[in-house]
Amino acid sequence: MAGKRKTNPAGSTNSYRADVLRVLGALKVATADQIQRISAPHLTFRHADKEPASKQKQARTASHTGALSDMRKHGLSENGGSTETGDTLRNLTPKGLEAASWELRRPATEMGSTARGAGSSGASHPMAVNETVIALLRPKPDVAKLADDPPHVRAAAQAAVETPPGIGTIGSYWTEVPLPATGTWNAPGKGGAQADVVLTAPQDQVPLLFIEVDNCHETAEELAAKLEKYARFFRRSVKDTDGQERPMWCTRWTVPEHEYGEAPHPPVLLVFNHIGERNPNRTIPRLQEFTRHLWQGERMPEGYHSYDRRIPIVVVGLRPLREHGPQGPVFFRFGRDRPQPLLDAIGNPRFAAFLAREAEESRVRQEEYQAQLREVAREQAAKKAVEAAREAAQREARRPACTGCGSRFTDERWEAAEETDWGRPVDTHPHLCDDCKAVTVASAATPGRQEEHQEPLPEWARQEFMRFPRRPRCTECKAAFTDERWKAVERTGWGPVPMEARPTLCGDCDLQFESDLDQAWGVSSRREQHDQEQVQEQAVPRPKSGGWFSRLRS
């Protein structure tokens, strides 16, 4: 403990010193009261009962005052004068800005200046800028840190938590940011502007907002000239890292792309702190007329305005901003006739409503189209089912039946019975089912059963010398020979009639064999015999009629 006291005599902790670095790194110059209200708002409720107000302020800012004292000892911060109310102004040294860049996670080159000497004239403008940031932030107390405090303290803190939220965190705000119309970011040239505050809070639907704070010391013409510098900066294009020309502000800040090809410039918020001699109620109408060419949109047939290449200019008073915050309807946008919340004022609600209608109509059309596709698919499926049923019925009607038992063939038996080889059925019994075919084949293969079913010999077969003592069967189809075929194959070859070439085949199988042989090779023996007979008839001339030989023949 003694070592810590020696390093940090004021007894500050790391968390409070980090609070100071974050606030002063963003605001550049602030009082201990402002640092406490931004980084530790719960202390405001813990010491709310103290009297008078000076003791209350001293109690709630004691922790950060000690942190500032220790940081001044380490060369990180310094006192920069005092405000008109007597509060000491604090700012960081170059060493402190480097440390703040780590806390804010910003490049050291973008931290800006140290704001040294800002308090020489009371720093009324920086204080108004800080109060604007606090009004937009609306810091919420951490109720968990008040667990040991009285119930009324926790109740007051809880009521503050339930108020409308602010926008962003302290790390979302940048102050005194140069907007170079010429030159570079680090070395801006003449003719550019310098934004009092730049707010980047995409998590709260504010991707980019430029803020100008006026203590009502400037005229409408001076404010219009400043907005002209903004327009000049927004129109400036530079070559990006990919070689494409883009607006210069797009190379540092990122905003979502707008629909329908619109590219409005970032909005500018003018905050009027009425402490000067100018009346904002008179300044604002004149400023609106002077800058009409910068903000006026184009009326579209769909009922919204297009603000392509236009600057949304919004005005608000610091007092109503403190009271209502960014969620309150206290923001007036040039060209509109009623106050709105900040998000509506910097946006385009009618355009958003048009896009929502377009999306809804597109969704409805897509659903109707999908419903039509499903209906067509159902109709096609029904047609296919009917067609399949009709084809199945037709196929069942064509399914053959066994000539033996009358049962319908199975699919496998039907396929086997229809198989052909060179136009001839492969199956030996295509008209029988598997069971009947097995019985028929077994009957033909068993001699005893074959003799039982032999019919008696015909009369002509008993009188002639027979080659086949029983009626033969075709070796191909197993069918019994007819009497004519049996007589034909009984020829022995001794007479003038030649013997059959295939006596083991029935007449139908013999004709089928001749047909296949003729189709395959064209050498059918019947065709050769027919051709030879025709040749012989042409070679032997017939005798002429008349004469004694013809009378002898007759």
Side-chain angles (χ1 to χ4, degrees), residues 136 164-168 172 179 195 197-212 227-228 230-237 246-271 284-285 287-316 320-321 324-368:
L136 290 171
I167 296 178
S172 305
L179 308 178
V197 183
V198 177
L199 170 59
T200 56
Q203 70 276 15
D204 293 325
Q205 302 179 20
V206 184
L208 182 60
L209 176 64
F210 293 90
I211 303 173
E212 283 293 322
L227 291 175
E228 288 287 353
Y230 270 90
R232 187 180 179 189
F233 166 71
F234 290 151
R235 289 193 295 265
R236 182 183 180 185
S237 296
R246 286 186 176 86
M248 186 175 185
W249 62 269
C250 290
T251 63
R252 183 168 183 177
W253 299 289
T254 303
V255 297
E257 293 185 0
H258 290 264
E259 295 84 355
Y260 292 91
E262 283 197 353
H265 295 312
V268 177
L269 174 64
L270 298 176
V271 181
I284 291 175
L287 178 62
Q288 182 175 352
E289 291 301 322
F290 291 154
T291 59
R292 183 175 295 274
H293 62 286
L294 298 178
W295 56 262
Q296 189 170 32
E298 179 182 358
R299 180 78 176 184
M300 305 301 292
E302 292 80 4
Y304 67 90
H305 283 80
S306 173
Y307 297 102
D308 190 35
R309 310 298 177 182
R310 295 294 184 267
I311 304 175
I313 301 176
V314 184
V315 297
V316 68
L321 178 59
H324 300 281
Q327 305 295 332
V330 294
F331 297 86
F332 289 84
R333 176 168 174 173
F334 286 176
R336 298 180 184 176
D337 56 358
R338 65 184 184 277
Q340 297 174 296
L342 178 61
L343 295 183
D344 292 339
I346 65 176
N348 195 346
R350 292 182 180 177
F351 185 41
F354 167 73
L355 293 179
R357 289 194 303 269
E358 287 282 312
E360 180 64 20
E361 293 174 0
S362 177
R363 184 188 65 81
V364 172
R365 289 194 299 268
Q366 186 67 19
E367 288 182 356
E368 292 176 352

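The residues of the chain are indexed from 1 along the displayed sequence. Predicted model only: the values in this text are computed from it and were never measured.
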Can you sort out the partners of R246 under salt bridge (charged side-chain N to carboxylate O under 4.0 Å, His left out), two or more places apart, ordered by chain and number?
D240, D242

Residues in side chain to side chain contact (heavy atoms under 4.5 Å, CB included) with P329, at least two apart?
P341

Can you list the steps and then say if F334 with V314 is a side-chain contact (heavy atoms from CB on, under 4.5 Å)?
CA-CA 6 Å; F334 286 176; V314 184; over 6 Å; no

Got a sec, which residues hit side chain to side chain donor-acceptor pair (under 3.5 Å) with E289, two or more places apart in sequence or on another chain?
R292

Residues that R236 engages under side chain to side chain contact (heavy atoms under 4.5 Å, CB included), provided they are two or more places apart
P180, V238, M248

Nearest 0.5 Å, please: how far is CD1 in I313 from CD in Q288?
9.0 Å

Do L269 and V315 have side chains that get closer than 4.5 Å, going by heavy atoms?
no

Side-chain touch L270/V316, heavy atoms, less than 4.5 angstrom:
no

Residues which pass side chain to side chain donor-acceptor pair (under 3.5 Å) with E360, listed by chain and number, not counting sequence neighbours:
R363

Any side-chain heavy-atom pair of L179 and W249 under 4.5 Å:
no

Pairwise distance CD(E228) to NE2(H293) - rounded to 0.5 angstrom
3.5 Å

L342 vs V330, side-chain contact (heavy atoms from CB on, under 4.5 Å): CA-CA, chis, key distance, verdict
CA-CA 8 Å; L342 178 61; V330 294; over 6 Å; no

For V198, the side chain to side chain contact (heavy atoms under 4.5 Å, CB included) test, sequence neighbours excluded, returns W174, V177, A195, T200, L208, F210, W253

Which atom of G166 lies closest to which atom of P326, heavy atoms considered
CA-CG, 3.9 Å

If the condition is side chain to side chain contact (heavy atoms under 4.5 Å, CB included), which residues does Q203 pass it with, not counting sequence neighbours?
S172, A201

Would you say the side chains of Y230 and E212 form a donor-acceptor pair under 3.5 Å?
yes

Going by the rule side chain to side chain donor-acceptor pair (under 3.5 Å), which residues pair with Q340 if we only count those two or more places apart in sequence or in a different chain?
R336

Test of understanding: with ring pair (Phe, Tyr, Trp, His ring centres under 6.0 Å), list the residues that count as partners of F233, not counting sequence neighbours.
W185

Within 6.0 Å of CD in E298, more than 12 heavy atoms from elsewhere:
no

Is R310 reaching over with its side chain to a backbone N or O of Q296, donor-acceptor style, under 3.5 angstrom?
yes

Judged by atom type as modelled, is there a donor-acceptor pair below 3.5 Å linking the side chain of D204 to the main-chain atoms of I167?
no

For H265, ring pair (Phe, Tyr, Trp, His ring centres under 6.0 Å) partners two or more places apart:
F234

Suppose we screen for side chain to side chain donor-acceptor pair (under 3.5 Å). Which residues come up paired with T291, at least two apart in sequence or across chains?
W295

